[in-house]
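Below is one structure, written out as structure tokens; the observations come after it.
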Amino acid sequence: MTQRLGIRPLALMLALLIGGGSALAESGQTTTSAHPPAGLLWNRTGLPAVFPLQVKTPPGPDYHLTLIDTQTGEAALAAYIKGGAFFRVLVPPGTFRLRFATGKAWQGEDVLFGEGDATYRFDLRRPLTFETRGLATKAGHIVTLTPGTSDEITSAARKDQLICQSFRPGFASRARSPLDRRADQGPQHKGDLTIGDLMFYEPLARPRHDVRSRYCG
């Protein structure tokens, strides 16, 4: 008798939980997922991401950004943007169509900000090309989104963002040769070098190339 009294309340609780979950699903309500941190979500190209893309957004809702490869039509890269916050991501080389999605509450990558009209989607009119110009300039872009009276994005401005690289040759510490090691072992740092060795002995210098990068446009 005691065991039966213990099982019945447990069964009742399970029934209430299951019934409550079914009622929530039937009413069409969904739970809100925690939005991902701002920045790169994934890069499916297999190429190094070295070109800058900066997006300026108004304060308010967050944005999901997808770069669509114009040659394959496949999604190449995705990122999450916090509305109104500074955002810059490095992207791989190529020509891409920028597709944005925004809404009130993030629901995950499958439905973004919700199904149907809950997610507002829009594409930039012109694809953007990310490439190397000349020998040492990485060409990216700055995109500025501007909302209209209904807070929906009605215009987008674009300008170049460039990373210029400079190469400075130099010499680091002298390289160590076998003659250097022999010279370290004797008086006056000449070791067991013979006269012939000394005639041709001179420490070797190791070349060095410094690469400096800076935003230049």
Side-chain angles (χ1 to χ4, degrees), residues 33-103 106-113 119-148 152-170 172 207-217:
S33 301
H35 65 74
L40 178 68
L41 294 177
W42 42 261
N43 174 10
R44 295 175 179 167
T45 66
L47 299 175
V50 296
F51 298 92
L53 171 61
Q54 182 176 342
V55 181
K56 298 180 180 181
T57 59
D62 295 348
Y63 296 82
H64 180 273
L65 167 65
T66 307
L67 270 61
I68 309 297
D69 192 313
T70 57
Q71 292 186 346
T72 65
E74 299 292 332
L77 177 147
Y80 193 86
I81 304 173
K82 184 69 175 176
F86 177 83
F87 173 84
R88 179 186 288 144
V89 68
L90 296 178
V91 306
T95 300
F96 305 102
R97 202 166 63 250
L98 271 62
R99 176 168 297 166
F100 292 89
T102 186
W106 176 252
Q107 304 292 335
E109 280 209 76
D110 291 337
V111 296
L112 301 180
F113 297 91
T119 297
Y120 172 62
R121 297 174 173 86
F122 60 95
D123 291 8
L124 291 193
R125 184 175 302 175
R126 296 182 180 178
L128 302 182
T129 298
F130 299 84
E131 61 184 355
T132 299
R133 298 178 184 174
L135 296 177
T137 302
K138 297 176 181 177
H141 304 274
I142 298 176
V143 175
T144 303
L145 303 180
T146 304
E152 293 185 351
I153 300 300
T154 57
S155 65
R158 186 215 63 84
K159 69 175 183 178
D160 289 342
Q161 184 172 69
L162 307 178
I163 297 179
C164 296
Q165 294 182 315
S166 59
F167 300 87
R168 175 183 291 183
R208 179 186 67 194
H209 295 87
D210 293 334
V211 181
R212 298 185 177 182
S213 300
R214 61 183 179 85
Y215 286 95
C216 55

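Quick caveat: nothing in here was measured; it's all calculated off a predicted structure.
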Minimum heavy-atom separation for C164 and T137, please, with both atom names.
SG-OG1, 4.2 Å
Can you tell me how far CZ of R121 sits from CD1 of I153, rounded to the nearest 0.5 angstrom?
15.5 Å
Note, H64 side chain near T119 side chain (heavy atom, < 4.5 Å):
no
Nearest heavy atoms of P61 and T102, plus distance in Å:
CB-OG1, 3.4 Å
Within this structure, what is the CZ-NZ distance for the pair F87 and K56, rounded to the nearest 0.5 Å?
14.0 Å
Would you say the side chain of V143 lies within less than 4.5 Å of the side chain of L128, judging by non-hydrogen atoms?
yes
If you compare all heavy atoms of W42 against all heavy atoms of A75, which two are closest, and at what distance to 0.1 Å?
CH2-CB, 3.8 Å
Okay, side chain of T95, backbone of T70: is any donor-acceptor separation there less than 3.5 Å?
no
Looking only at heavy atoms, what is the nearest atom pair of K138 and V50, with distance?
CD-O, 3.6 Å
Does any non-hydrogen side-chain atom of T45 lie less than 4.5 Å from one of D69?
no
Trace of the side chain to side chain contact (heavy atoms under 4.5 Å, CB included) decision for L145 with Y63:
CA-CA 11 Å; L145 303 180; Y63 296 82; 4.3 Å; yes
Rounded to the nearest 0.5 Å, what's the gap from CG on L162 to NZ on K159? Could you check?
10.5 Å
Can you confirm whether R158 sits close enough to L124 that some side-chain heavy atom of one is under 4.5 Å from a side-chain heavy atom of the other?
no
Anything under 30° is parallel, anything over 60° is perpendicular, the rest tilted; go ahead and classify W106 against F113.
perpendicular
Shortest non-hydrogen contact from L112 toward A101:
CD1-CB, 3.6 Å
Do H141 and F96 have side chains that approach each other closer than 4.5 Å (heavy atoms only, starting at C-beta)?
no
So, taking the atom named CD in Q165 and the one named OG1 in T132, what distance separates them when rounded to the nearest 0.5 Å?
8.0 Å
Check: T146 side chain, A156 main-chain N or O, donor-acceptor pair, under 3.5 Å:
no
To the nearest 0.5 Å, what is the distance between CZ on F130 and CG on L90?
10.5 Å
Do I163 and F51 touch side chain to side chain, with heavy atoms closer than 4.5 Å?
no
How long is the gap from CG on D160 to CZ on R133, to the nearest 0.5 Å?
4.5 Å
Parallel, tilted or perpendicular: rings of F122 and F100 (30°, 60°):
parallel
Between the side chain of H35 and the main-chain N/O of I81, is any donor-acceptor distance below 3.5 Å?
no
Nearest heavy-atom contact between A49 and N43 is CB-ND2, 4.3 Å
Would you call L53 and L67 a side-chain contact if the rule is heavy atoms closer than 4.5 Å?
yes
